[in-house]
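See structure below.
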Protein chains: 2
Amino acid sequence: MRATQAENSSLRQSAGERAILEAAAWLFSEIGFDGVSMRSVAEAAGVSKANIYHHFESKEALYLAILHASAAELSALVENLEESSGRFDANISEFSSAHLQHLMDNETTSRLMLREAFSGDEERSRMLVERVVGGTFERMVSIFRAGQEAGELRSDLDPALCATLLMGADVFFFQARGALKHIPQAGFVRRPGRFSEQMIDVMLNGMLSKKQRKGGAQ
Amino acid sequence: MRATQAENSSLRQSAGERAILEAAAWLFSEIGFDGVSMRSVAEAAGVSKANIYHHFESKEALYLAILHASAAELSALVENLEESSGRFDANISEFSSAHLQHLMDNETTSRLMLREAFSGDEERSRMLVERVVGGTFERMVSIFRAGQEAGELRSDLDPALCATLLMGADVFFFQARGALKHIPQAGFVRRPGRFSEQMIDVMLNGMLSKKQRKGGAQ
DNA sequence: CAAAACACTGACCGTCCGGTCGGTCAGTTA
DNA sequence: TAACTGACCGACCGGACGGTCAGTGTTTTG
């Protein structure tokens with residue numbers, strides 16, 4: 001009588017459950033955990049409130065189910081970004097632009113994860129980092145470290161710091177673009193590709209060791 | 001009988017009102033608008049709930065009062081950062097490290113403003129940007145533009161994009177440091193000064209025109 | 001020194017919240 | 001056909017929410 005299994009994401013789920021998950025994911029990412037009521041989820045999903053409790057034990061459980069699904073989705077998408085065989089700077093460049101593209105293409109998921117990582121409590125952010133972001137970050141760092149050993153990356157820089165700068169720039173652009181578009185001079189917000197291009201140019205130009213620099217114009 | 005004036009921040013305010021503002025600022029920055037109840041504010045401030053409504057028309061008005069106070073505080077602090085007369089790169093460097101320092105020193109205010117700017121609705125983020133961040137950002141951009149005209153900044157870069165990168169790196173570090181400290185390799189989170197230093201090094205190294213570069217080690 | 005103005009409170013209101021309960025109904029299984 | 005199961009619903013619960021109000025002291029002021 002009570003919902004027991006749940007979160008068996010791959011197992012068949014009823015149309016109602018799918019509708020609930022979809023509606024809730026959107027609402028949570030848009031308004032946040034506190035701001036979303038189970039009534040609003042039910043209404044948006046076109047089901048009764050009681051039906052949600054048939055599928056999920058609590059509001060918390062529903063949120064967690066969505067979080068786990070999002071995390072799995074995210075890390076699956078990131079899986080494809082490594083194992084590039086090109087030059088160091090080309091790898092970095094490719095990763096970074098794909099990373100931003102991914103953020104933009106999966107707005108709901110990304111927003112949810114960022115909300116959780118930045119404003120959640122200690123335990124949740126730790127779990128999130130260890131389960132999802134951590135792997136990506138470590139791969140990124142090892143790419144940087146390899147580049148450093150090959151003499152392409154400046155030896156005086158912290159590889160983890162470099163990775164943070166690169167991924168952070170994407171993340172900041174993603175979450176700040178709504179606010180930035182109210183600033184007249186910041187016309188670049190409407191062209192993420194152009195931002196990504198110039199950002200990577202600046203970063204690589206600043207990070208690569210002297211002999212490796214292609215050096216932007218001028 | 002009804003609260004009317006309010007938000008006359010400089011005029012004398014009762015001990016109760018001050019306690020309310022202080023408690024509410026902390027709670028809002030920590031838990032967010034939805035998560036904070038007027039009862040919790042009253043309890044934290046050591047006053048009755050009704051007393052809050054004596055000083056502020058509504059929860060919304062209380063939030064706005066804190067937001068305005070924070071905004072004023074922020075822009076006052078930023079006011080001192082401009083008008084430097086040194087070299088272009090020294091100005092940028094000084095501004096950026098002071099900016100991060102300011103974020104860290106005013107955690108409550110900063111968190112509140114970021115929350116508002118990033119996850120608030122259209123209208124609020126616009127108001128915030130126009131009233132507070134906009135000015136700082138424009139000053140930053142004009143510094144960059146001047147540097148560009150003087151031939152110190154690469155001419156192929158968008159000045160506003162450069163400003164975004166620099167300020168964004170600080171902001172990202174500020175809000176991500178809680179999550180980053182769960183990543184073993186990211187030991188730099190515990191030394192903001194070191195982060196700031198290397199970040200500015202990379203940025204300037206990537207942004208300055210060739211002849212201007214001092215070039216980090218190696 | 002009275003009166004107006006202000007700071008403040010406890011009790012209360014209607015509403016919405018997360019969650020529960022008894023029950024219906026369509027679809028399997030035996 | 002009878003027993004059972006899972007999807008689903010309307011009505012309801014206690015409690016917390018934002019907000020109100022009549023009233024009590026305290027301070028300022030004409």
Side-chain angles (χ1 to χ4, degrees), chain A residues 1-67 120-121 124, chain B residues 1-67 120-121 124:
Chain A
M1 211 162 218
R2 176 62 43 81
T4 46
Q5 21 71 290
E7 102 176 58
N8 39 359
S9 47
S10 60
L11 258 60
R12 43 180 125 174
Q13 49 191 182
S14 69
E17 185 174 352
R18 233 176 301 124
I20 291 167
L21 283 168
E22 197 172 322
W26 163 255
L27 284 170
F28 279 136
S29 86
E30 200 73 6
I31 317 181
F33 184 84
D34 288 328
V36 173
S37 74
M38 295 300 261
R39 278 167 182 81
S40 68
V41 173
E43 192 178 352
V47 301
S48 73
K49 187 161 69 78
N51 189 10
I52 303 180
Y53 284 92
H54 172 69
H55 291 291
F56 303 93
E57 276 190 348
S58 64
K59 185 183 182 182
E60 182 89 8
L62 172 60
Y63 186 63
L64 254 48
I66 290 168
L67 220 59
D121 55 23
R124 280 194 179 173
Chain B
M1 212 162 220
R2 176 60 42 83
T4 46
Q5 23 69 290
E7 109 177 52
N8 39 359
S9 46
S10 59
L11 258 60
R12 43 182 127 167
Q13 49 192 181
S14 71
E17 184 173 354
R18 233 175 301 124
I20 291 167
L21 283 168
E22 198 173 321
W26 163 255
L27 285 170
F28 280 135
S29 85
E30 200 74 7
I31 318 181
F33 184 84
D34 288 328
V36 172
S37 74
M38 294 301 261
R39 280 168 180 81
S40 68
V41 173
E43 192 178 350
V47 301
S48 72
K49 185 162 69 79
N51 190 11
I52 303 180
Y53 285 91
H54 170 70
H55 291 290
F56 304 93
E57 279 190 346
S58 63
K59 185 182 183 184
E60 182 90 8
L62 172 59
Y63 187 64
L64 253 48
I66 289 168
L67 221 59
D121 57 22
R124 280 194 179 174

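Everything quoted here is computed from the prediction, not taken from an experiment. A, B, ... follow the sequence lines: proteins, then strands. Residue 1 opens every chain. Just the heavy atoms: all of them, side chains too, but no hydrogens, waters or symmetry mates, feed the values below.
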Evaluate the ring planes of F33(B) and F28(B), with Trp represented by its six-membered ring, and classify them as parallel (under 30°), tilted (30 to 60°) or perpendicular (over 60°). parallel
Sequence neighbours left out, what passes side chain to side chain donor-acceptor pair (under 3.5 Å) with S37(B)? Give chain and number order. S40(B)
Using only side-chain N and O atoms of H55(B), determine if any of them is under 4.0 Å from OP1 or OP2 of dC8(C). yes
Is there a side-chain contact (heavy atoms from CB on, under 4.5 Å) between H55(B) and S14(B) once you walk through the steps? CA-CA 10 Å; H55(B) 291 290; S14(B) 71; 3.6 Å; yes
Counting just side-chain N and O atoms, does H54(A) come under 4.0 Å of either OP1 or OP2 of dC8(D)? no
Members of residues 27-38 of chain B that approach DNA chain C, where some heavy atom sits under 4.0 Å away: none
Contacts under 3.5 Å, N or O only, protein and nucleotides 25-27 of chain C:
none

Partners meeting side chain to side chain donor-acceptor pair (under 3.5 Å) with S58(A) (sequence neighbours left out): none
Roughly how many Å is it from NZ in K59(B) to P in dT20(D), rounded to a whole number? 14 Å
Using a cut-off of less than 4.0 Å, is there contact between a side-chain N or O of Y53(B) and OP1 or OP2 of dT20(D)? no
Going by side-chain contact (heavy atoms from CB on, under 4.5 Å), name the residues that satisfy it together with A23(B), two or more places apart in sequence or in a different chain. A44(B), A45(B)
Please list, for nucleotides 10-13 of chain D, all pairs of protein and nucleotide N/O atoms separated by less than 3.5 Å.
none

Within the structure, does a side-chain N or O atom of S58(B) lie under 4.0 Å from either OP1 or OP2 of dG18(D)? no
Holding to side-chain contact (heavy atoms from CB on, under 4.5 Å), I want the full list of residues that pass it with I52(B), two or more places apart in sequence or in another chain. I20(B), M38(B), V41(B), A42(B), V47(B), F56(B), L62(B)
Pairs touching residues 29-48 of chain A that satisfy salt bridge (charged side-chain N to carboxylate O under 4.0 Å, His left out), sequence neighbours left out: E30(A)-R111(A)
Which atoms form the tightest heavy-atom contact between K59(A) and V36(A), and what is the distance? NZ-O, 2.7 Å
